[in-house]
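First the structure, in the form of structure tokens, and then the observations on it.
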Amino acid sequence: EPQNYFLLRHNAIFFIFLCSAFCFYKIILGRFNNLNLANFGFLIYVFSPRIFGNIFFDNKDILFLSIITFNFYFFYKYLKNNCLKNLFFLSIFCALSTSTRIIGLLLPLSFFLTIFLKGMSENKLIKNLKIIIFFIFFYLIFLFLHWPYLWTLSFEQWTNFFSPFFQAMNPTVFFNGEYYQSKYLPISYLPLWIILTTPFHITVLSCIGFFFMTKRFYKRYIRIESNTKKICYDLWSSRKENFDLVIFFNFLLVILLYFSVNLALLSGWRHFYFLNFFLIYFTCFSVYLILNKLRNSKRKIIFLSSFLSFFILIQIFDIYKYHPFQSSYFNNLISKSTKENFEIDTQSLSRVHALKEILKEQMNYIVLGTASWTPLENARSLIPKKMWSKLNFVGTNFENADFIYSNHYYEVDINYNKKYQIPKNFSLYKTFSIDDTKIYSIYKKIKK
């Protein structure tokens, strides 16, 4: 059964993500030395609704989030004890992050900068240069061994190495009530999607954490002392603060890339789900600062813990409420009218759900049309094979269709392009919504 192939992939992706969640737990526990905070970080890392909704099937974006987390885990372990074994594993996962998404190249760059600054701070530039050479050597070996793309490049192609990664289709994207070409989306596209689809308390706490981390490193930067003998770089006062700087620097690099490169985006912030690592880390940092402020008041700490537990329960309830469409989640502050201004089922998960609804009709042979970008026939593999002969998919050729499915996800401006317009001889058969979020609609031909 083709279903078994999908289940195997789903289980593999889930297992990898779960391992990354454990590494995130270890990072928070080691950095802040607080078991309750580590448990809190683990729970919101796993139960961020949009992330949770993708951990069983997204073999690209969730995989990249997981690899990013593995990278930072070994980065932290290396900074903690300078062990070559951790540096070796870091080089492996840096290579994996680069081949998974080219933006993963930022991680080895941040490593070079960190080790360079450490060398200047500790006056061990030559020793740290050897560390960088060791890292580059194994990074390049693992990158070449596991990435067949590199095996095919000629000398001329090496000079244009990055070009293929910035070539993308340019469909129309529905964003904030308007249609845009993917390459010409407003700069607010990514920030607004993150704000709308991230639990509100995580957004607020991560912004607080980022603000105070920025403030701390700025203060350290302006206090750097210099004289004719040496320059003392004191951007961090401990290895833990050094790791904070690594997180902070990588986040800034991603933001800089987003604002400086004209990226062709679509499907919400799916291609930037790896930012969830930074959001949750800044959230934990924020909670850590608040706990330090309240450390002399046990009653206030209990109140804060109860407050955070309440929000975790809301997250879990939202996951239950949206199941299995958590990838269509909007936070509880977003109104129905606002949701209608954005693409919803960008992962097209509703296709299987819709097919099962249509198959409830006692018909021997069903002709199905698709009034949306993603083809309905691709969902056939997730229904029993014995049902396949009952279905005939005709795409946008609606003339002979019995039913038309639409998840309202288009690659054209439907105000001007009528390829997905529902014919007048079809009536609404079913609309499936969760929390005022319309997932899909099915239209049935009116019998004469």
Any donor and acceptor pair, going by atom type alone, linking the side chain of Arg270 with main-chain N or O of Asp61 inside 3.5 Å?
-> no
Thr98-Tyr139 side chain donor-acceptor pair, cut-off 3.5 Å = yes
Considering only heavy atoms from C-beta outward, does the side chain of Val287 approach that of Phe40 to under 4.5 Å?
-> yes
For Tyr25, check ring pair (Phe, Tyr, Trp, His ring centres under 6.0 Å) against everything at least two apart and list the hits.
-> none
Just checking, is any N or O donor in the side chain of Ser327 or Asn54 under 3.5 Å from an acceptor N or O on the other one?
-> no
Please check if the side chain of Lys445 supplies one atom and the backbone of Glu399 the other of a donor-acceptor pair under 3.5 Å.
-> yes
Hey, are Ser267 and Glu343 close enough side-chain-wise for a donor-acceptor pair under 3.5 Å?
-> no
Hey, does the side chain of Thr338 reach the backbone of Ile334 with a donor-acceptor pair shorter than 3.5 angstrom?
-> no
Qualifying residue for ring pair (Phe, Tyr, Trp, His ring centres under 6.0 Å) with Tyr322, from Phe317, Phe47, Tyr329 = Tyr329
With side chains defined as the heavy atoms from C-beta onward, is the minimum distance between Phe211 and Cys207 less than 4.5 Å?
-> no
Please check if atom NZ in Lys26 has more than 12 non-hydrogen atoms from other residues, nucleotides or ligands closer than 6.0 Å.
-> no
Answer yes or no: is there an ion pair linking Asp436 with Lys339, defined by an N-O contact shorter than 4.0 Å?
-> no
Quick note, ring-ring contact (aromatic ring centres under 6.0 Å, His included) partners involving residues 427-448, not counting sequence neighbours, are Phe325-Phe432, His353-Phe432, His353-Tyr440, Phe403-Tyr429, Phe432-Tyr440
With distance as the sole test, does His146 use its side chain to make a donor-acceptor pair with the main-chain N or O of Phe142 at under 3.5 Å?
-> yes
Is the closest side-chain heavy-atom distance between Asp58 and Leu63 below 4.5 Å?
-> no
Pair Tyr45-Thr69, side-chain donor/acceptor within less than 3.5 Å | yes
Test item: Thr370 side-chain N/O and Ser372 main-chain N/O as donor-acceptor pair under 3.5 Å = no
Test side chain to side chain donor-acceptor pair (under 3.5 Å) applied to His10 - qualifying residues, sequence neighbours left out | none
With ring centroids as reference points, do Trp193 and Phe342 lie under 6.0 angstrom apart?
-> yes
Going through the distances and angles, do Tyr405 and Asn407 end up as a side chain to side chain contact (heavy atoms under 4.5 Å, CB included)?
-> CA-CA 7 Å; Tyr405 155 86; Asn407 64 348; 3.2 Å; yes
Salt-bridge criterion met for Arg380 and Glu377 (N-O under 4.0 Å) | no
Spell out, as yes or no, whether a donor-acceptor pair under 3.5 Å connects the side chain of Tyr5 to the backbone of Ser381.
-> no
Ignoring hydrogens and geometry, is there a side-chain-to-backbone donor-acceptor pair from Asn331 to Thr198 under 3.5 Å?
-> yes
Using atom types as modelled and distance alone, determine if a side-chain donor or acceptor of Tyr258 lies under 3.5 Å from a backbone N or O of Ile187.
-> yes
Which pairs would a plain distance check flag for residues 77-88, meaning a side-chain donor or acceptor within less than 3.5 Å of a matching protein atom at least two apart in sequence or in another chain?
from	atom 1	to	atom 2	distance (Å)
Asn81	OD1	Cys83	N	3.2
Asn81	OD1	Asn86	ND2	3.2

Does Thr437 reach the main-chain N or O of Ser433 with its side chain, forming a donor-acceptor pair under 3.5 Å?
-> no
Salt bridge Asp345-Lys438, side-chain N to carboxylate O under 4.0 Å | no
Look up atom CD in Glu340 and atom NE2 in His408, then write down how far apart they are to the nearest 0.5 Å.
-> 10.0 Å
Assess the side chains of Asn415 and Asp413: does a donor N or O sit below 3.5 Å from an acceptor N or O?
-> yes
OG (Ser305) and CG (Leu37) are apart, to the nearest 0.5 Å, by 10.0 Å
Output every pair passing ring-ring contact (aromatic ring centres under 6.0 Å, His included) with a member in residues 355-398, not counting sequence neighbours, ordered by first then second residue.
-> Trp373-Tyr409
To the nearest 0.5 Å, what is the distance between CG (Leu107) and CG (Leu90)?
-> 8.0 Å
Would you kindly say whether Tyr420 and Glu411 are connected by a side-chain donor-acceptor distance under 3.5 Å?
-> yes
Which pairs would a plain distance check flag for residues 273-282, meaning a side-chain donor or acceptor within less than 3.5 Å of a matching protein atom at least two apart in sequence or in another chain?
from	atom 1	to	atom 2	distance (Å)
Tyr281	OH	Asp244	OD1	2.5

Is there a donor-acceptor contact under 3.5 Å from the side chain of Arg351 to the main chain of Ser348?
-> yes
